[in-house]
Amino acid sequence: MFAYWQNFFRKHGAALSVFLLASVGFWIFMMILLPQAFMLDFSLRANVPPPKWGSDAHHYTAEHYRYMLYGSAQSVDSYNFVDLSVFARTIVAAIFVTLIDLALCYPVAYYLAHAATGGWRRLMVLSLIVPFWVNELLRAFAFKIMFGGNGIINNALLWLGVIDQPYDFIRNSVALYSGLSYAYILLMIFPIYNAVESLDRNQIEAARDLGSPWWRIHKRVVIPHAKPGITSGCTMVFMLTAGALAAPQILGGPSSLWFTQIIYQAFNQAGNWARGSAYAIILLVVCILFVLLMMRVFKVKLGEIAR
Amino acid sequence: MSADVQLDEVWIRFGDFVAARDINISIRQGEFFSFLGPSGCGKTTLLRAVSGFLQPSQGRVSIGGRDMAGIGPNKRPTALIFQNLALFPLMTVWENITFALEVRGAGRAARRKKAEELLELIALPGQGEKMVSELSGGQRQRVAIARALAAEPSVLLLDEPLSALDLKLRQHMRTELRAIQRRVGITFIYITHDQGEALTMSDHVAVMSHGVIEQVGDGNSIYNRPESAFVASFVGENNLFSGTVAATDDAYVTVDSPAGRLRARHAMRGGKAQLAAGDSAFVFVRPESLKFAAGASSASAEASSTEASSSTGALDNRIGARIHQQEFEGNFWQVFCDVDGVDKRVKLSMVNDGASMGRGPGEEVTLGFNADLAVALPQGELAAE
């Protein structure tokens with residue numbers, strides 16, 4: 001161990017070594033460990049105003065976790081259906097959005113990697129990236145306007161005669177799902193694109209030469225090869241969708257609350273940082289467990305994703 | 001026997017570039033047919049046209065008498081072995097081998113059985129559960145052959161499959177490939193830039209250059225009776241004397257070259273004479289057809305070289321030369337000689353008969369060869385080189 005650090009310092013010089021260690025240490029400690037540790041600590045303490053922090057009243061308790069389950073700190077008579085159903089709906093919706101993105105992005109990524117050439121491919125990649133130079137909030141508002149009662153989509157459908165009165169895309173969550181699906185689409189496309197692109201073209205041709213129809217080529221050759229990329233994309237989209245705030249806030253209908261909005265309310269409106277922290281921890285842990293479960297189901301190793 | 005694969009007036013263009021020009025080839029059922037040529041000569045393009053990965057710009061490809069126009073590679077009775085083999089790395093060996101059967105909906109038991117049969121054929125019994133990455137280069141090679149054979153193609157196409165192997169394995173695989181071909185009895189079409197592979201394995205060889213078929217024939221006729229300057233210089237080693245045709249008849253040509261007046265066979269192409277008086281021509285002489293002739297050579301050398309002394313009287317051509325260097329290769333002596341007016345050193349191969357060569361660098365010698373063992377050809381595309 002000592003020899004390793006000695007070698008490390010000799011290789012990079014004293015100044016650079018200190019800088020590297022300090023910045024990596026800052027990143028890991030200040031930006032990852034410390035905030036999570038504070039959140040965990042808050043979530044396990046009673047909710048008291050800041051002046052009383054550190055006093056006896058700021059004692060350890062699991063009441064906020066209990067509240068998530070039972071809707072009360074003391075009784076266990078009834079479940080907290082409001083929060084639990086929002087939580088369940090958020091997870092299910094995030095899965096749904098992930099699947100939509102996968103269905104949309106796999107063909108695009110495959111096309112980009114193996115069919116598009118030269119300038120055309122560059123143009124397509126640019127047109128995928130450029131819209132994301134626009135701020136996330138502005139993009140969400142743009143969706144809101146497009147899907148609004150007087151928006152371009154309703155007007156087009158009215159003009160085409162598909163509907164005879166404006167459809168409420170906002171109330172029916174169509175706008176929300178569209179906005180969320182679009183929000184993280186690049187995080188799905190590029191990992192899949194990278195994975196598919198590294199596939200030897202001859203393998204596709206070999207499968208075709210051996211009589212395989214196109215769908216079996218994908219099932220047996222392309223998808224198995226791209227699995228780490230697919231998993232990586234799905235994980236990121238799922239995590240970020242479940243934790244999204246801006247899109248649900250702007251595009252969500254009055255009745256469709258996102259779990260992050262409940263966390264936001266706890267912090268900013270109810271002034272209950274403890275409950276907010278507990279809920280955030282619950283969301284984080286459940287999402288991680290879900291992802292690990294899926295990776296086990298689809299037989300992907302964590303190391304493959306990080307490739 | 002019937003023609004199995006037939007190309008009629010096939011042209012393949014990529015934009016302005018012509019990759020294959022007016023190709024007419026007829027390959028018989030069950031033969032081992034090679035396309036031989038330098039890289040970029042269009043041989044792989046032709047193979048892709050036969051396998052269906054590209055459509056000829058013009059002309060007809062037929063297999064088993066059926067026109068293949070509009071039929072994709074997955075519907076053709078061909079199987080292709082790729083240069084890099086393109087085995088599926090995420091499947092086991094037996095899954096690789098039986099992929100074609102899986103596609104046709106064969107059950108697992110039937111596939112296992114077929115896989116064992118094929119593993120037996122390629123001498124890898126019981127290795128089905130391994131992953132491709134666990135096999136050696138030669139074993140992968142054989143798995144690729146088995147995978148292609150499992151599709152039960154009537155034509156097997158091979159795109160330089162041996163080029164990634166080391167020399168020893170390559171020579172071994174030549175024999176193996178030929179043996180497998182005899183056993184299964186289907187047509188093999190083999191693409192290579194290695195003349196050794198083409199000559200040893202093939203029933204017929206088509207020599208290609210710049211998208212054109214230069215000559216089709218068995219190994220013997222390609223080597224001994226080249227019909228174009230390209231074939232003569234690409235296949236095997238050849239000494240080349242440039243000159244102008246002085247006289248010609250149907251059988252022989254007389255060429256005036258810096259090395260003197262040379263007489264050589266007149267090569268016909270498509271039954272037609274290729275040379276007339278006044279044309280620029282090359283005279284090609286194989287190193288093994290050159291002899292030391294009596295005359296300027298020393299008496300002691302003549303005594304030791306029985307070959308030279310016995311054939312001296314019959315040599316039609318004589319060239320004055322000076323030995324530059326000699327290399328002993330065990331079974332052969334390779335002797336490099338300077339000839340005035342000839343840029344490239346003339347090479348002579350002599351079988352080692354146990355006696356010492358008896359000549360040394362700097363010695364003036366007379367080289368000779370028989371007109372029947374040399375060939376005169378139009379300079380054609382080689383003229384500029």
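So you know, we letter chains A, B, ... as the sequences are listed, proteins then strands, and number each from 1.
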Student: Check this for me: A:Phe19, atom CZ, are more than 12 non-hydrogen atoms of other residues, nucleotides or ligands nearer than 6.0 Å?
Tutor: no
Student: Mind ranking B:Arg104, B:Glu102, B:Arg76 by heavy-atom pairs under 4.5 Å with chain A and telling me who comes out on top?
Tutor: B:Glu102
Student: Measure B:Pro153 against the heavy atoms of chain A and call it side chain, backbone, both or neither at under 4.5 Å.
Tutor: neither
Student: When you look at CZ of A:Arg121, are more than 12 heavy atoms from neighbouring residues, nucleotides or ligands closer to it than 6.0 Å?
Tutor: yes
Student: Hey, could you give me the CG/CZ distance between B:Leu80 and A:Arg208, rounded to the nearest 0.5 Å?
Tutor: 11.5 Å
Student: Is atom CZ of B:Arg66 surrounded by more than 12 heavy atoms (other residues, nucleotides or ligands) closer than 6.0 Å?
Tutor: no
Student: If you count the non-hydrogen atoms of other residues, nucleotides and ligands that lie under 6.0 Å from CZ in A:Phe132, is the total more than 12?
Tutor: yes
Student: Are there over 12 heavy-atom neighbours, none belonging to A:Phe96, within less than 6.0 Å of that residue's CZ?
Tutor: no
Student: I need the B:Leu90 CG to A:Gln203 CD distance, nearest 0.5 Å.
Tutor: 7.5 Å
Student: What distance separates A:Leu210 CG from B:Ile97 CD1, expressed to the nearest 0.5 Å?
Tutor: 11.5 Å
Student: Does atom CZ of A:Phe29 have more than 12 heavy-atom neighbours from other groups under 6.0 Å away?
Tutor: no
Student: Quick check on A:Asp200 against chain B: is it the side chain, the backbone, both or neither that has a heavy atom closer than 4.5 Å?
Tutor: side chain
Student: Going from CG on A:Asn202 to CG on B:Leu87, what distance comes out if it is rounded to the nearest 0.5 angstrom?
Tutor: 11.0 Å
Student: Tell me, side chain or backbone of B:Ala79 under 4.5 Å from chain A's heavy atoms, or both, or neither?
Tutor: both
Student: Could you tell me which non-hydrogen atom of B:Val103 sits nearest to which non-hydrogen atom of A:Gly211, and how far apart they are?
Tutor: CG1-O, 3.1 Å
Student: Select one option (side chain, backbone, both, neither) describing which atoms of B:Phe82 are under 4.5 Å from chain A's heavy atoms.
Tutor: side chain
Student: Can you check side chain to side chain contact (heavy atoms under 4.5 Å, CB included) on B:Phe99 and A:Arg220, steps first, answer last?
Tutor: CA-CA 9 Å; B:Phe99 185 77; A:Arg220 292 290 271 139; 3.9 Å; yes
Student: When you look at CZ of B:Arg108, are more than 12 heavy atoms from neighbouring residues, nucleotides or ligands closer to it than 6.0 Å?
Tutor: no
Student: Which heavy atom of A:Ser212 sits nearest to which heavy atom of B:Asn74, and what is that distance?
Tutor: O-ND2, 3.6 Å
